[in-house]
Protein chains: 2
Amino acid sequence: MRSGSGPGAGRPQATSHAAIEAAAFALFDERGFDDTTVDDIATAAGIGRRTLFRYFPSKNDIPWGRFDDSLSGLRATLAAVPDDWPVLDAVHHAVMEFNRLDDTVVEQHRQRMTLLLTTPALQAHSVLRYTEWRHVIAEYAAGRYGLAPDDLLPRTIGHVSLALSLSAYEQWLREPDSRLTDLLSQTAPVLRSYVEGVAAPPRTATGRARRQRGSKGTTVRP
Amino acid sequence: MRSGSGPGAGRPQATSHAAIEAAAFALFDERGFDDTTVDDIATAAGIGRRTLFRYFPSKNDIPWGRFDDSLSGLRATLAAVPDDWPVLDAVHHAVMEFNRLDDTVVEQHRQRMTLLLTTPALQAHSVLRYTEWRHVIAEYAAGRYGLAPDDLLPRTIGHVSLALSLSAYEQWLREPDSRLTDLLSQTAPVLRSYVEGVAAPPRTATGRARRQRGSKGTTVRP
DNA sequence: CTTGTTTATGGCCCCGAGTGCCAATAAGGT
DNA sequence: ACCTTATTGGCACTCGGGGCCATAAACAAG
């Protein structure tokens, strides 16, 4: 651990997370993730293979960059939300903040997320990251409701929040001209209309709006 | 491919999916998933390591068993739902059917799901299975709404349905005496109350019920 | 009984990810 | 010059996974 900016003693670091990440993304873009070996990345970054694994615990972690820091930001955003906001609004606000992008990095972020969401090995690995993310949401919800983070309600809120975010992200990647924040804002109403048993009016020209009558009665209604 | 029950010619199979699965679970139970090598499983099943990989594409696939067949069942259940049911109810019904368990296998299923949901390597790998599952749900919803499966609404329904199921499963594993179907039925109302901005009354003794100001619209709880 | 044909088996060898170990390196301080 | 400290990176190893291919074990036809 480098202690802040203190130089201290010892051999200086030969590289950085950012440098490795840049070298890796160049190769991923050129040959794809699976056809790029860790040796390739290490060589491109001018370091030894063994050193690379001290910066990133696995090849799969490289595309995620410094995700831990983002999580701290998410936690901080939630903590700053006034207590009288509905939990749904608080979470939605935090998700929007979490995914706010500077215009200059939006294409870079799109490339990163494309990699993460289309490469099977990365899709799989990402779950571990999502779990931490969900836990932050669940902890906040638990605090607001006076429950434990692994009670059913907070846990469900974590899962559903992630579901909505992923849904928005996938849609964002599909539509080159869309804006991520727009899609994130859309998922909540979409969910609400679904839960209330009413078909959302399709935004595409081909869709026919069909109205549902709720009469099943065995389970859902209190 | 064995063609139905026709014996035909050729060397008979030395084992079966079920036999490998049984041998594997015994070892997983004894030493844990990570400390069991593929060689161990093959030896225990009395086959060669190379043969094992012809029955299961990867070590991670062994705990999932024959999941494809279950997916066909899910598809069939959805297809059999009358068209005038609300989509939410149809999906909920299909999810319940999908997770219906014979009393004799409930403990076995619990063991399997514990393995799948607590082993990091399996948590990660399971995403690929979940994707197929979500796709079945999204396809159905798309058909009902007259949309494409990768439009925002069907995709979101797939994600949210999975989120609710996983939430129920995790809770089920935490509470030894709970019933999976009960929990699956609970997640939908939990989601509804959350979306409508009203705190669900905590069911645990320690929780203090905290009511949110419902600035967001209609209240449904008594 | 012998000779094909068919199909599954499993050994051999390879690759890539990831880890433990440890000597070498490059700083700062005394 | 010498010590302390921290990072580097090479070597060897394990494990998951896949390509290749000779071989075993069934059945059918001669």
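Note that these values count all heavy atoms, side chains included, but never hydrogens, waters or copies made by symmetry.
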Review point. What parts of residues 119-132 of chain B reach DNA chain C, counting only heavy atoms under 4.0 Å away?
Key: none

Review point. For A/Ala138, what residues pass the side chain to side chain contact (heavy atoms under 4.5 Å, CB included) criterion, not counting sequence neighbours?
Key: A/Pro154

Review point. Taking for each residue the nucleotide of DNA chain C bearing the nearest heavy atom, is the 5' side occupied by A/Ser58 or by B/Pro12?
Key: B/Pro12

Practice item. Using salt bridge (charged side-chain N to carboxylate O under 4.0 Å, His left out) as the criterion, list what pairs up with B/Arg11, not counting sequence neighbours. Key: none

Point to revise | Atom-to-atom span, CZ of B/Phe53 to C1' of C/dA8 - whole angstrom | key: 17 Å

Exercise for review: Find the distance A/Asn60:CG to C/dG18:C1' and express it as a whole number of Å.
Suggested key: 11 Å

Practice item. Just jot down the side-chain hydrogen bond (donor to acceptor under 3.5 Å, both in side chains) partners of B/Ser16, sequence neighbours excluded, or say none. Key: none

Check your understanding: Among pairs that include at least one residue of residues 130-143 of chain B, which meet salt bridge (Lys or Arg N to Asp or Glu O under 4.0 Å), considering only residues two or more places apart or in two chains?
Key -> B/Arg75-B/Glu139, B/Arg129-B/Glu132

Review point. Honestly, is A/Lys59 close enough over A/Phe53, meaning NZ or CZ under 6.0 Å from the six-membered ring centre and within 45° of the axis?
Key: no

Distances for protein N or O near nucleotides 10-12 of chain C N or O, under 3.5 Å:
from: C/dG10; atom 1: OP2; to: B/Gly48; atom 2: N; distance (Å): 3.0
from: C/dG10; atom 1: OP2; to: B/Thr51; atom 2: OG1; distance (Å): 2.9
from: C/dG10; atom 1: N7; to: B/Arg54; atom 2: NH1; distance (Å): 2.9
from: C/dG10; atom 1: O6; to: B/Arg54; atom 2: NH2; distance (Å): 2.3

Check your understanding: For A/Asp102, which residues count as a side chain to side chain contact (heavy atoms under 4.5 Å, CB included) partner, sequence neighbours excluded?
Key -> A/Thr104, A/Val105

Exercise for review: Report the distance from atom CZ of A/Phe56 to atom P of D/dT8, rounded to the nearest whole Å.
Suggested key: 13 Å

Exercise for review: Under the side-chain hydrogen bond (donor to acceptor under 3.5 Å, both in side chains) rule, collect the residues that match up with A/Arg110, sequence neighbours excluded.
Suggested key: none

Check your understanding: Rounding to a whole Å, what distance do you find between B/Ile20:CD1 and C/dA8:C1'?
Key -> 12 Å

**Study point:** Which residues share a side chain to side chain contact (heavy atoms under 4.5 Å, CB included) with A/Ala44, sequence neighbours left out
**Key:** A/Ala23, A/Leu27

Revision key, fill the gap. Separation of C/dA17 atom P from A/Asp61 atom CG, nearest Å, is 14 Å

Distance-only donor-acceptor pairs under 3.5 Å for side chains of residues 62-70 of chain A, two or more places apart:
from: A/Trp64; atom 1: NE1; to: A/Ser126; atom 2: OG; distance (Å): 3.3

Practice item. Pull out every residue in residues 22-39 of chain A that has a heavy atom closer than 4.0 Å to any atom of DNA chain C, ordered by number, or say none. Key: A/Thr36, A/Thr37, A/Val38

Revision key, fill the gap. Residues at least two apart in sequence or cross-chain that pass salt bridge (charged side-chain N to carboxylate O under 4.0 Å, His left out) with A/Arg100, listed by chain then number, are A/Glu97

Check your understanding: Does B/Tyr55 place a side-chain N or O at less than 4.0 Å from the phosphate oxygens OP1/OP2 of C/dT9?
Key -> yes

Check your understanding: Is there a donor-acceptor contact under 3.5 Å linking the side chains of A/Gln171 and A/Glu175?
Key -> yes

